[in-house]
Structures are given as C-alpha cells and as structure tokens.
Chemist: 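Quick one: structure below, then a few questions.
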Amino acid sequence: MVNPQLKKGHTRIANEILEQVMKKALNGTQLRILLFIWRYTYGFQRKDNEFSLTFISEKIEASRSQVDRELKALIDSEIINVLGKGEKGARILSFNKNYEEWGQPESKRKSSLPSNSETIPESEQKLKKKSEATLKYDESNSYFKMAVYFHQKVAAVAKEAGVEHLTKKANLQSWADDFRKLIEIDGVTKKLAKDVMDWVVEDPFWRTNVLSAKKLREKFTDLAIKMNAVKKPQPAKSKVADPRDKDIEFQKWVAAGNDPDDFNWN
C-alpha cells in the first residue's frame, strides 16, 4: 500500500504559477514535461539542471521524438528556458516563472488556425508560411553548437561584469538562427566566426558590448577589422642614424692609437 508523505519529499510551486498554467492550452506531453522540470529542479531546491532528451523520455514514459517535439514547443513559447550546455553535453533547462513572457506553444497555435485557408487574408497567409518556415535547430546542429559555444563565453563575461541577467534567458534557437544568417547570408566562414567570438570576449571594450549572437552579427565587420588590426604585426621602425655616433666611433679610433687620417667617415 502506497503512503505518500510530504516528509518524504515535496516540490514547492507558487499558487500563482499553478493558476497561470491552468489557463495555458498545453497538451498532455507538454504538461508532463513541465511537471518533470519542476520535479527535478524545484524538487531538488535548484532553479535549473542539465537534462537529456533520453532522461526526460524515460521519466515521463514518452518517446524521445515526442519529447523533442513538445519540449521545443515549450522553449519556443518561453515557458522553458535553455541556459546553455552542460558538462555532459545536454541542455541546461529552467522554468520561466515570469508568465507574462509566455507565448502559446507552437503545436497549439497551429491547431487553433482555421482549416479553410480562404478565410485568412493573403497577407496573413504569407506571414503564416514565413513563420512555419523558420528553422529549428537540434543539439547536433552546427549553428546550435556555435550558439552554445558563444553563449558560454559571454555568460562568463556577463557574470564577471555583474550583468548576468542580460544573458541568462538567452533563446539559443534565435542565436543559432543568427549564426546561420552570418554564415549562409553574410558569407562569413565558420573559422572566422570562431576567431571573432574568441577575440571579442577578451577585448576590453567589446567584451561587454557584444553579449548576444544578434549583436555579434550586427557588428561583425567592425569586429573583424578591429581584430585583424590588433593581431597584425606592426612594421619595425627604421632606425634613424645619429650623426653623433660617428664622432663617438672616431674618438674610440683615436684612443686606440690609430691614425686619425685613416678613419672611415662614410
């Protein structure tokens, strides 16, 4: 016979949060993932933790692909935040308790659209197609890896500067898309992008002025030029001959007992 007791462990959730979650049109899997996040963060007296898709799927007894799809919907709606990548390579997730930032999960947004496209104005149909065409990046995607790499670097800078809040709620999906645009649209090589990422977090001025992938892309040309100027070796200054040097040599010549007339003044 089971006998659950609070003294055996419990998870504290503010009533205000529960009331807001009640109002959200979450599907069953999304709600189970949300309960899982609470259980393994708040249930352990912590705000975030590293979670793999496999671990989540095992705990809520759902397929990995199902968890991947519905977790992305929760991330897109900003109910769940991705804070970076953990030591084991999985994402660090946290619950966003600021419910004013929540949107509607993507799967529910699609289901709420009218089935007859003729009822939607042409301009809205184009906007809908553009939104649906937005790329999604999984953990193995190179652009997502670039986003995680840069986020870890700027997060350390932000923490050191006392502005950690500016990077804590970064949307790594948006960061990954900015890196895709930087490479595919702007024509920047991945090597140059990495070089600039490494340099900008060390530069005394730019390190606290570029704290996102969007800002990095906006300022990339200026940053690359500045980086190359700093790294480029300065040409050695040619030594200007001092006429006094010959006088000193002449004095040494004479002091050594040599004939002054034999001294080479050239």
Chemist: Test the Lys190-Tyr143 pair against the cation-pi criterion, namely NZ or CZ under 6.0 angstrom from the six-membered ring centroid and within 45° of the ring axis.
Modeler: yes

Chemist: Relative to the ring of Phe150, is the ring of Trp175 parallel (under 30°), tilted (30 to 60°) or perpendicular (over 60°)?
Modeler: tilted

Chemist: Is the shortest side-chain heavy-atom distance between Asn49 and Leu93 below 4.5 Å?
Modeler: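 Result no, sub-4.5 Å side-chain heavy-atom pair not found.
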
Chemist: Aromatic ring centroids of Trp206 and Phe220 under 6.0 Å?
Modeler: no

Chemist: Can Lys194 and Asp198 be said to form a salt bridge (Lys or Arg N to Asp or Glu O under 4.0 Å), step by step?
Modeler: CA-CA 6 Å; Lys194 182 180 182 301; Asp198 291 339; 2.8 Å; yes

Chemist: For the pair Phe44 and Tyr40, name the ring-plane relationship: parallel under 30°, tilted 30 to 60°, perpendicular over 60°.
Modeler: parallel

Chemist: Is there a side-chain hydrogen bond (donor to acceptor under 3.5 Å, both in side chains) between Gln66 and Asp68? Walk through the geometry before answering.
Modeler: CA-CA 5 Å; Gln66 185 180 8; Asp68 186 25; over 6 Å; no

Chemist: Verify the distance criterion only: is there a donor paired with an acceptor across the side chains of Asn96 and Glu101 at less than 3.5 Å?
Modeler: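 Yes, a side-chain donor-acceptor pair sits under 3.5 Å.
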
Chemist: Once you round to the nearest 0.5 Å, how far does CD1 of Ile17 lie from CE of Met22?
Modeler: 11.5 Å

Chemist: Tell me, do Lys85 and Gln152 make a side-chain contact under 4.5 Å, heavy atoms counted?
Modeler: yes

Chemist: Might you point out which heavy atoms bring Arg217 and Asp178 nearest each other, and give the distance in Å?
Modeler: CD-O, 3.9 Å

Chemist: Could you check Tyr137 against Arg180 for side-chain hydrogen bond (donor to acceptor under 3.5 Å, both in side chains), going step by step and ending with a plain yes or no?
Modeler: CA-CA 10 Å; Tyr137 308 89; Arg180 178 189 65 80; 3.0 Å; yes

Chemist: Report yes or no: do Gln173 and Asp76 form a side-chain donor-acceptor pair below 3.5 Å?
Modeler: no

Chemist: Identify the heavy atoms of Glu19 and Lys23 that sit nearest to each other, and give their distance.
Modeler: O-CG, 3.4 Å

Chemist: When you compare the side chain of Ile79 with that of Leu26, does any pair of heavy atoms fall below 4.5 Å?
Modeler: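 With C-beta onward as the side chain, the pair touches.
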
Chemist: State, with a plain yes or no, whether a side-chain heavy atom of Ile80 is found less than 4.5 Å away from one of Phe51.
Modeler: no

Chemist: Do the non-hydrogen side-chain atoms of Ile60 and Val67 ever get within less than 4.5 Å of each other?
Modeler: yes

